[in-house]
Amino acid sequence: MLPTDGHVHSEWSWDAPLGSMERTCARAVEIGLPAVAFTEHVDHTVWSAVEDNLDDHPHLKALRTPALTITPPRLDVDGYLECVQRCRDRFPGLRIITGIEVGEPHWHPEAVAAVLAAGQFDRVLGSLHCMPLDDGFAEPPGQFRQHAPADVVRNYLAELPRLIAGSDVFGVLAHIDYVARYWPDEEGPFDPHAFEDEFRVALRALADSGRVLEVNTRRSPRPELVRWWREEGGDAVSFGSDAHLPERLAQNFTEAVAMVEAHGFRAGRHPYDRWIR
Ligand SMILES: [Zn+2]
Ligand SMILES: [Zn+2]
C-alpha cells in the first residue's frame, strides 16, 4: 500500500490557483492512496521576485507591486476547514488530514501562533523558502541571480538549523533541498555531495530535535539525503509530493518507497503513520 501523501496543496494555497481539494481526493481514491494531508501555505515573509520567476508563475504577477514585492495572501482558515469537512463527507474511505506548510516559522512566531490558534491542524510542515537579500528577502531564483551558486546553497543550508532551533510549531521539515530546485542549469546537475557537510549539520539538528524528515517527491528523491538522515540519527520520514495540481498527487511515490525501504525505514502500524527505522 502507498504511504500517506503528507504534503499536498489545494486551491486554498495562495500559489495553487489550479489546485482542487475535491479533485485531489477523487484522485487519491482512484490511485489507492490511504490518506492525504492538505498542507496549505502559511507565509509571512514579504519577498522580492525576479521577472523571469514571474514568467514561470503567472499567479505571482497578480500579487506583485511595482517594486516586484510579493506579499503572500493569508490562508482562509474557516473556508479551508469547511472544504475539508465537505471532502470528508464525500470521500468517507479516505483519511483527510488537515495541515499547513509554514514558511520561515522562526521569523514570524506570533503570526504563526495566530493561525494555529484559528483552527485544528493535524500536521505542520516547516519550510525555508526565502532568504535575506539586499535589504529584503528573496526566493532562490533571486538569490542565484546575485550570488555564487555554491554560496546560495551554503547560506540556505546554514539557515536550516536556525529555523529548527527557532521554532517548535512544526513536526516535519519539508523539502530540505528546496534551494536545489533552482540550481542554475549552466552549472550542470546539482550534486548534493558537494554540500554533504552542510546537509549533515541540518539533518543532525533536525534529528536532535526529534522531528521528521520529509522525502519530497516533487523531483526524483535523493537517496543520499535519506542515508545521511539515518546516519545522523534520524528516526522517521514522511512522504510528500508537494503537489499543486491533482494529477501530481503522490508522484514518484513508488520509486521513493523503494528507496526509503532500502535505507531501512518501514511503514508504521497504520498507513497514515510516518515511516520509522
Ligand atoms: Zn514549500
Ligand atoms: Zn509545499
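Numbers for residues simply follow the sequence, beginning at 1. As the structure is a computational prediction, the values presented were derived from the model and not from experiment. Each ligand, and each atom within it, is numbered from 1 in the order the structure gives.
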| Proximity of His9 and Trp14 rings by center, below 6.0 Å | no
| request: Step through the shown structure and confirm whether more than 12 heavy atoms of other residues, nucleotides or ligands are within 6.0 Å of CG on Asp89. | output: yes
| Enclosure of Arg248 CZ (heavy-atom neighbours >12, cutoff 6.0 Å) | no
| said: Does the plane of the ring in Phe144 sit parallel, tilted or perpendicular to the ring in Trp183? Use 30° and 60° as the thresholds. | reply: perpendicular
| said: Classify the ring geometry of Phe121 against Tyr80: parallel below 30°, tilted from 30° to 60°, perpendicular beyond 60°. | reply: parallel
| What heavy-atom pair brings Ile176 and Phe199 nearest, and what distance separates the two atoms? | O-CE2, 4.1 Å
| remark: For His9, the N, O or S atom at the shortest distance from the Zn ion (ligand 2) is NE2
| How about the Zn ion (ligand 1), which protein N, O or S atoms come within less than 2.8 Å? | Glu101 OE2, His129 NE2, His175 NE2
